[in-house]
Amino acid sequence: MALTLSTADKVLKDLYKDLREQINQNFFILQQIEKNTGDIEGRKAVHAIHVSRNNGVGARGDNGTLPTAGAQGYTTVNVPTRYNYGRIQLTGPVISAMKSDRGSFIRAVKSEMDGVRNDLSRDINRQIWGTSDGVIAATDTNSNSTTVSLASTTTATQMRQLWADGGSKVDIGTVASPTTVASGLTVSAYDATNLTITVSSAVTTTPSHRVFRTGAGGATDDSGNPGDGQYEYTGLQSIVDSSGTLHTVSASTYPVWAATEDGNSGTNRALSENLINKNIHAVEIASQKRVGLLVGSDGVSRAAANLMQSMRRNIDNVDLKGGYSGIRWDTPAEGMGRGGPIALIWDRDCPNNNLFGLSPESLVHYVQEDWSWMDQDGAVLSRVSNTDAYEATLFRYAELACKQRNANFKIADVTEA
């Protein structure tokens, strides 16, 4: 059967059915939390958070005056949707050469679809562990050079994210103006030892400049409205924070809207059983919620496993959603009648030297439009203007949000194994 643009669209849609199942399995965190497609109003999600108790309580003497009536305190937050895209392109000659072989076309398209799936998955996972403003790393002082020295604090994880398994497109500037130094640069090489990247055009930078994924830099203005200046998912580094504004709610105004943070002023220290258990207990004291996941970088995960071996603990696995499993972590008085064991797992994009304690029920993944091909005009393949080529665009409209910030903790400054 000859291949036409009409049948090509059908092929893309058929392949996409398989694509959707595969792509969801690439997000460990998103597999563990609630997926909400209902609480979307316009281009944003809406939910209420509990910020204060009823203080109309108390003990009294015989015939004493009753407590003054009070009420629970709530506030509503608005969470704008974030938009992520992946594009593939086929030239006219490629389509023509395959017009008599539908199977050949499928193989070519599937290769591109698999590639864009993996690339977009990789970038969204980076966003989930990011700082919400698109920053990947900070630069050092550089003068008109294509070899860009990065800040001395740049981590191995950040270097991998900049390289993006083969070279990424980046902008350099400030959070307020992400392209003020350069835009659309190609990272052609990196040096993890000397903390440098090689880019396609010479740049001049200072320690105040940051490196972003091209087009994705920008911070929210905390208005809660679409077009608030933020493009990437709200990252866990912003959610699991003891200060600042999240989803328009300030931790200084509502102290209950603060996660537990345990740092050591930038000096790494050994992970200990007491350090982990102390923060697990702190979350339960603050939130009455249970930490279900301990997530760290690969080095922090190894440090935790070494700690358990040093205490002659059995290392047992805990099964998680999405086919994942983690190391069982037992804390005194936890796991018995409190929802089962805690799982310790590592994620390649989790910031180095950090261990996150997450309560999955405190997080929500709002999905306005799930993975789909852009086909509002009835065709998956669209003509590229002034070019003998056709393109297809994969997209998802979604956002990661928090319903109870104090149900999570972060231990910073951990020595990695």
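For the single chain, residues carry numbers from 1 onward in sequence order. Side-chain atoms are counted along with the backbone in the values below, which use heavy atoms only and exclude waters and symmetry mates. Remember, it's a predicted structure, so these values are computed and weren't measured experimentally.
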Is a salt bridge present between D241 and K410, judged by a nitrogen-to-oxygen distance below 4.0 Å?
no

Measuring from [X]:[atom1] to [Y]:[atom2], what's the distance to the nearest 0.5 Å?
| X | Y | atom1 | atom2 | result |
| --- | --- | --- | --- | --- |
| L271 | N306 | CG | CG | 10.0 Å |
| Q72 | N55 | CD | CG | 9.0 Å |
| N125 | L30 | CG | CG | 7.5 Å |
| S325 | N317 | OG | CG | 4.5 Å |
| H47 | T75 | NE2 | OG1 | 10.0 Å |

Exercise: do [X] and [Y] side chains pair donor with acceptor under 3.5 Å:
| X | Y | value |
| --- | --- | --- |
| S223 | D228 | no |
| D133 | T131 | yes |
| Q404 | S359 | no |
| D171 | T214 | yes |
| N408 | S362 | yes |
| N279 | T260 | no |
| T155 | T157 | no |

Partner set under side-chain contact (heavy atoms from CB on, under 4.5 Å) for V46, not counting sequence neighbours:
E41, T76, N78

Would you say the side-chain atoms of [X] pair up with the backbone N or O of [Y], donor to acceptor, closer than 3.5 Å?
| X | Y | answer |
| --- | --- | --- |
| T146 | S200 | no |
| R60 | T65 | yes |
| T174 | S177 | yes |
| Q32 | F28 | yes |
| T186 | S188 | no |
| E416 | D298 | no |
| H281 | K278 | no |
| D191 | N194 | yes |
| T387 | A389 | no |
| D222 | T248 | no |

Identify the two heavy atoms, one from [X] and one from [Y], that lie closest to each other, and give their separation to 0.1 Å.
| X | Y | answer |
| --- | --- | --- |
| N354 | N352 | ND2-O, 2.7 Å |
| K403 | E361 | CE-O, 3.4 Å |
| S301 | L344 | OG-CD2, 3.7 Å |
| R210 | A138 | NH1-CB, 3.4 Å |

Residue pair [X] / [Y], side-chain heavy-atom distance below 4.5 Å:
| X | Y | result |
| --- | --- | --- |
| R269 | I411 | yes |
| Y233 | E399 | yes |
| R213 | Y231 | no |
| R126 | E232 | yes |
| V79 | T234 | no |
| V384 | Y390 | no |
| Y397 | I40 | no |
| Q127 | R82 | no |

Relative to each other, are the rings of W257 and H247 parallel, tilted or perpendicular (30° and 60° limits)?
tilted

Indicate the ring-plane relationship of F395 and Y85, choosing parallel, tilted or perpendicular according to the 30° and 60° boundaries.
tilted

Counting heavy atoms not belonging to R53, are there more than 12 under 6.0 Å from its CZ?
no

Would you please test S250 and S252 for side-chain hydrogen bond (donor to acceptor under 3.5 Å, both in side chains) and show each step?
CA-CA 5 Å; S250 170; S252 60; 2.7 Å; yes

